[in-house]
Asker: 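Here's a structure for you.
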Amino acid sequence: MAVIWGLDLREMQWGKFKGSYMFNQDYHLRRTKMIVYQIAMILCVCSESVGTAALSDYVDQQDGITTRTSPRVKVHNNDIVGTFSYNIFVGIAVATIFGSGFFFDLFWPERKESKSVRLAWKICSLLVSFMALADALALTVVVATHRSTITGVSAGAAASLFRENGPPNPIYRKNAYCVASIVLLWPGMIASFASTYIMFKSIQHDDKLGPRSSKYSGDKGEEVSIDMAPQIPKPTLTANGATRPEPYQGT
């Protein structure tokens with residue numbers, strides 16, 4: 001099979017998704033990376049998915065009300081639409097960086113990377129984590145304090161138009177989709193920073209000792225076996241001078 005960027009595609013095997021391989025401790029921080037990377041990806045992508053549903057509802061709300069009324073009537077909910085649009089971008093970015101790290105470490109844990117590639121891993125992981133933080137803060141503020149409004153009609157007529165249109169609720173904090181997206185995003189953001197820290201420590205270890213776990217390495221980083229060689233029994237002399245082997249003491 002082809003080799004792309006030094007990565008042998010024959011290493012992409014379904015068997016590597018088994019827990020016995022995915023969560024083994026042959027490589028430094030392997031189990032931790034496999035778990036925390038997935039938490040960051042799953043939570044941010046789920047937040048993005050729920051947010052996409054809310055985004056679609058508010059776009060439909062804006063289109064539905066404006067098309068059924070006069071051109072002077074305007075629905076203002078671009079704050080939630082814009083914030084959820086950014087949330088989608090952040091979810092994709094987090095999944096791209098830590099998803100790539102997950103699959104690269106799963107299929108090619110002993111791959112060789114240049115210094116520029118390792119630096120790119122660090123910069124991108126840090127960047128998407130701060131993007132997730134900005135997303136969580138912005139989304140929390142908008143949902144907690146903002147709402148959809150209508151201009152061009154009286155307050156009573158605006159309330160009537162919202163009731164006739166149906167879901168979503170014009171008050172963002174009363175929309176379950178909006179709240180669920182925030183609830184998923186905050187732990188996802190924390191997991192993203194945790195993944196960044198783990199990635200930094202892993203790259204630091206790889207630069208010094210290689211990808212193998214320290215318990216498989218000697219003082220200078222060479223790979224060694226953790227199994228002790230069996231001891232060979234030594235013969236002893238009997239009373240008549242004949243040799244008699246000692247009982248085997250190996251395990």
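Since this is a predicted model, take the numbers as computed values, not measurements.
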Asker: Suppose we screen for side-chain contact (heavy atoms from CB on, under 4.5 Å). Which residues come up paired with S114, at least two apart in sequence or across chains?
Answerer: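 Expected list: S116, V117.
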Asker: Just how far is it from atom SG of C44 to atom CD1 of I88, taken to the nearest 0.5 Å?
Answerer: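 Taking SG in C44 and CD1 in I88, the distance rounds to 13.5 Å.
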Asker: Could you tell me which residues satisfy ring pair (Phe, Tyr, Trp, His ring centres under 6.0 Å) with F84, sequence neighbours excluded, listed by chain and number?
Answerer: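 Per chain and number, F84 pairs via ring pair (Phe, Tyr, Trp, His ring centres under 6.0 Å) with no residue.
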Asker: Is there a path of hydrophobic side-chain contacts, each under 4.5 Å between heavy atoms of I, L, V, M, F, W or Y residues, that connects L133 with I182?
Answerer: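 Same hydrophobic cluster.
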Asker: Drop me the distance from I80's CD1 to Q62's CD, to the nearest 0.5 angstrom.
Answerer: 12.5 Å
Asker: Residues two or more places apart in sequence or in another chain: which of them pass side-chain hydrogen bond (donor to acceptor under 3.5 Å, both in side chains) with N169?
Answerer: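 Partners of N169 under the side-chain hydrogen bond (donor to acceptor under 3.5 Å, both in side chains) test: none.
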Asker: Rounded to the nearest 0.5 Å, what separates atom CZ in R173 from atom CZ in R147?
Answerer: 9.0 Å
Asker: Mind jotting down which residue pairs meet the side chain to side chain donor-acceptor pair (under 3.5 Å) criterion with at least one end in residues 82-97? Sequence neighbours excluded, please.
Answerer: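 Output for this query is empty, none listed.
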Asker: Would you say the ring centers of F98 and Y37 fall short of 6.0 Å from each other?
Answerer: yes
Asker: Restricting to pairs with a member in residues 124-137, which pass side chain to side chain donor-acceptor pair (under 3.5 Å), not counting sequence neighbours?
Answerer: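 Sorted result for residues 124-137: S129-S192, S129-T196.
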Asker: Would you compute the distance between atom CG of L43 and atom CD1 of I190 and round it to the nearest 0.5 angstrom?
Answerer: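 Nearest 0.5 Å value for the CG-CD1 distance: 10.0 Å.
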Asker: Suppose we screen for ring pair (Phe, Tyr, Trp, His ring centres under 6.0 Å). Which residues come up paired with Y172, at least two apart in sequence or across chains?
Answerer: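 Once residues adjacent in sequence are excluded, the partners of Y172 under the ring pair (Phe, Tyr, Trp, His ring centres under 6.0 Å) criterion are Y58.
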Asker: Can you name the closest pair of heavy atoms from E48 and I92 and give their distance?
Answerer: OE1-N, 3.7 Å
Asker: Closest approach of V50 and A180, non-hydrogen atoms and distance?
Answerer: CG1-CB, 4.0 Å
Asker: Inspect the surroundings of OH in Y197 and state if more than 12 heavy atoms from other residues, nucleotides or ligands are less than 6.0 Å away.
Answerer: no
Asker: Please collect all salt bridge (Lys or Arg N to Asp or Glu O under 4.0 Å) contacts where either partner lies in residues 69-94, sequence neighbours excluded, each pair once.
Answerer: none
Asker: Is there a continuous path of hydrophobic side-chain contacts, each under 4.5 Å between heavy atoms, that joins V94 to F89?
Answerer: yes
Asker: Honestly curious: do M131 and M199 fall in one hydrophobic cluster under the side-chain, below-4.5 Å linking rule?
Answerer: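 Per the 4.5 Å side-chain linkage, M131 and M199 are co-clustered.
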Asker: Residues two or more places apart in sequence or in another chain: which of them pass ring pair (Phe, Tyr, Trp, His ring centres under 6.0 Å) with F193?
Answerer: F130
Asker: Should V142 and V90 be counted in the same cluster of Ile, Leu, Val, Met, Phe, Trp and Tyr side chains packed under 4.5 Å apart?
Answerer: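 In one cluster with V142: V90, no.
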Asker: With no hydrogens and no angle check, is any side-chain donor or acceptor of S56 less than 3.5 Å from a backbone partner on T52?
Answerer: no
Asker: Return the minimal non-hydrogen interatomic distance between G91 and V45, and the atom names on each side.
Answerer: O-CG2, 4.1 Å
Asker: So with a 6.0 Å cut-off around NZ of K174, is the heavy-atom count from everything else above 12?
Answerer: no
Asker: Give the intermediate values and the outcome of side chain to side chain contact (heavy atoms under 4.5 Å, CB included) for residues Y177 and L55.
Answerer: CA-CA 9 Å; Y177 285 163; L55 168 64; over 6 Å; no
Asker: List, by chain and then residue number, the residues other than I150 in its hydrophobic cluster (Ile/Leu/Val/Met/Phe/Trp/Tyr, side-chain heavy atoms under 4.5 Å); write none if there are no others.
Answerer: I65, V73, V75, V153, L161, F162
Asker: Taking all heavy atoms of P168 and all of D57, pick out the closest pair and write down the distance.
Answerer: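 Nearest pair, atom of P168 first, then D57: CD-O, 3.5 Å.
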Asker: State which residues pass side-chain hydrogen bond (donor to acceptor under 3.5 Å, both in side chains) with S181; sequence neighbours excluded, sorted by chain then number.
Answerer: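 side-chain hydrogen bond (donor to acceptor under 3.5 Å, both in side chains) check on S181 returns S47.
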Asker: To the nearest 0.5 Å, what is the distance between NZ (K33) and CZ (F102)?
Answerer: 11.5 Å
Asker: Rounded to the nearest 0.5 Å, how far does CD1 of I198 lie from CE of M34?
Answerer: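 Here the interatomic distance stands at 10.5 Å.
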Asker: What residues, two or more places apart in sequence or in another chain, satisfy side-chain hydrogen bond (donor to acceptor under 3.5 Å, both in side chains) together with D60?
Answerer: none
Asker: Classify the ring geometry of F104 against W121: parallel below 30°, tilted from 30° to 60°, perpendicular beyond 60°.
Answerer: perpendicular
Asker: Same cluster or not: are I123 and V128 linked, directly or through other Ile, Leu, Val, Met, Phe, Trp or Tyr residues, by side-chain heavy atoms under 4.5 angstrom apart?
Answerer: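 No; V128 is not reachable from I123 via cluster members.
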Asker: Checking side-chain polar atoms at under 3.5 Å, does H76 have a donor or acceptor matched by the opposite partner on T151?
Answerer: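 The answer is yes; a qualifying pair exists.
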Asker: Run the side-chain hydrogen bond (donor to acceptor under 3.5 Å, both in side chains) test against R118 and tell me which residues pass, sequence neighbours left out.
Answerer: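 Residues passing side-chain hydrogen bond (donor to acceptor under 3.5 Å, both in side chains) with R118: D207.
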